[in-house]
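Here's the structure, in structure tokens; my notes come after.
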Amino acid sequence: MGAKDSNLMEKVISLCKRRGFIYPGSEIYGGLSGIYDYGPLGTELRHNIKQYFWNKFIAEREDVYGMSAAILMPARVWEASGHTELFTDPLVECKICHERIRADQPEAIADHEAGHKKEKVEWTEPVKFNLLVETKLGASEKSKIDVNLRGEITQGVHVNFKNVLDSMHPKIPFGIGQIGKAFRNEITPRDFLFRQREFEQMELQFYVEPKEEEGNKWFEYWKQFAWDWYLGLGFKKESLRLRQHASDERAHYAKDAWDIEFNTPMGWKEAWGIHHRADWDLKRHSEYSNVDLSYFDEERKDRFIPWDIECSGGVDRAVLFVLLEAYTEDELGGEPRTYLKLAKNIAPVRAAVFPLLKNKPELVKKAREVYESLKLEARTKSLAPIVFDDNGNIGKRYRRQDEIGTPYCITIDFDTLDPSTSSGQETVTVRDRDSGEQKRVKISDLKVSII
Ligand code: ATP
């Protein structure tokens with residue numbers, strides 16, 4: 001991949017705000033560091049990414065169940081999972097202004113030191129800072145109990161392992177997937193959606209028999225599966241890489257770990273993790289809850305604690321990386337333009353329908369008819385919305401759609417109303433976002449699912 005535009009991140013952040021993708025959280029009250037709100041188009045984009053995850057990892061498979069666990073969990077869950085003790089980052093404090101920063105983030109340290117200009121910054125010794133967000137539940141001081149907002153969605157699955165066994169009777173190997181919010185009190189939230197304090201994860205926990213997994217069969221399978229899935233978000237192969245964690249880099253629960261990384265303007269960064277969690281979680285929850293979380297194989301009359309192969313990705317990081325990859329500046333028709341080269345399956349608007357002129361009722365009427373029928377098709381097939389736009393000249397409308405990544409614009413013009421121009425058939429123009437090329441298509445052939 002060539003050198004990245006050094007202003008790419010700023011350009012994407014600005015487009016997100018301007019075009020209704022993502023806004024700083026609670027902005028009118030001054031915002032909250034590491035928290036973002038999704039606007040209309042960002043919500044559609046995020047929804048499409050999650051839907052793509054749900055379809056491929058869960059709905060289209062016979063060996064995976066979906067679930068949705070609660071965000072609030074008793075503090076005891078996090079003691080069992082090891083997060084209370086080990087889910088920490090090293091924190092240092094600037095001795096001049098007392099700002100606290102993650103000691104293992106050289107970019108954050110360098111930015112901070114640059115801010116002090118000529119002063120020589122000295123740092124305190126690193127201390128371990130726990131990332132779990134704490135709160136309390138209960139109506140009186142006495143009855144209040146400590147709970148945590150989940151630091152990863154994983155534990156909601158493990159604590160329901162027995163419930164799924166007892167209610168669904170799965171045969172091993174099988175998986176449980178879910179999508180949901182996680183919260184981390186990140187010391188230095190930065191780089192827009194990359195490191196937030198509230199974010200969403202999409203995960204699969206795939207339970208296997210330890211003996212069967214000695215050769216890493218399923219670990220290799222899910223590594224490849226996650227890689228193919230991530231590429232399907234519209235990345236070029238050279239924008240991604242797979243990297244194995246060094247032993248001192250692995251999380252406390254991991255026997256082996258690989259990351260899919262994306263080549264961001266800040267360097268190669270984690271997009272997705274494939275973790276071999278072995279029997280860490282189920283064993284610990286069995287010990288701490290006194291509930292047996294083993295699996296009994298009826299055929300082999302064998303009881304064991306399964307190993308867990310985890311696929312874990314950030315939804316918001318996927319949104320950010322997809323936008324960084326898709327942002328393109330080029331020239332079309334002799335004029336500069338900005339467009340998002342988003343994959344068709346995740347673009348927030350599937351197609352836009354225009355009457356060529358808004359003051360010609362016959363054009364508007366026909367365009368409305370086309371719009372209504374495509375809208376219905378998009379809804380029944382769970383595709384992204386179709387929009388209608390008659391505002392401004394046609395060139396401007398194309399540019400507006402390009403900037404939000406709409407793959408196709410459909411224009412109803414005077415030839416549409418005069419079927420004699422196209423062998424007795426009503427036709428429209430369909431414009432391709434990337435090439436700007438237009439072709440005439442019969443309305444009867446206009447299927448939003450295939451254009
Ligand atoms: P990092 O090393 O970047 O802090 P991590 O190794 O702690 O990430 P995991 O615990 O493996 O991350 O979380 C799984 C996924 O959740 C990550 O691949 C990432 O996409 C996402 N994620 C983790 N932390 C954040 C965050 N603070 N903001 C946004 N997404 C996050």
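Just follow the structure's listing: the first ligand is 1, and inside any ligand the first atom is 1. Both backbone and side-chain heavy atoms feed into the values below; hydrogens, waters and symmetry mates do not. Here, residue 1 is the first one in the sequence, and each next residue gets the next number.
Checking only distances, Phe199 never comes within under 3.5 Å of ligand 1, N or O to N or O. Looking at ligand 1, you won't find any N or O of Glu203 less than 3.5 Å from one of its N or O atoms. Among the atoms of Gly313, none of the N or O lies under 3.5 angstrom from an N or O of ligand 1.
In this structure, Phe206 has its ring center closer than 6.0 angstrom to the ring center of Trp218. Note: Tyr230 and Phe235 meet the aromatic proximity criterion, with ring centroids under 6.0 Å apart.
Under 3.5 Å, the side chains of Glu209 and Tyr207 contain no donor-acceptor pair of N or O atoms. With 3.5 Å as the limit, one finds no donor-acceptor pair spanning the side chains of Thr328 and Asp330. Asn48 and Glu44 share no donor-acceptor pair across their side chains, judged by distance under 3.5 Å alone. Remark: the Glu93 side chain and the Thr124 side chain contain no N/O donor-acceptor pair separated by less than 3.5 Å. Side-chain atoms of Glu203 and Ser312 include a donor-acceptor pair closer than 3.5 Å.
Close contacts between ligand 1 and Leu193 involve ligand atoms 29 (C) [criterion: under 4.0 Å to a heavy atom]. Proximity to Ala271 (heavy-atom distance under 4.0 Å) selects the following atoms of ligand 1: 18 (O), 20 (O). Of all atoms in ligand 1, listed by their number and element, those nearer than 4.0 Å to a heavy atom of Trp272 are 18 (O).
For the ligand labelled ligand 1, residue Glu152 lies outside the 4.0 Å heavy-atom shell.
Both the backbone and the side chain of Arg195 come within 4.0 Å of ligand 1, judged by heavy-atom distances. Residue contacts with ligand 1 for Arg197 are absent, since no atom lies close enough (heavy atoms, distance under 4.0 Å).
Remark: among candidates Gln105, Gln201, Arg184, the nearest residue to atom 10 (O) of ligand 1 is Arg184, based on non-hydrogen atoms.
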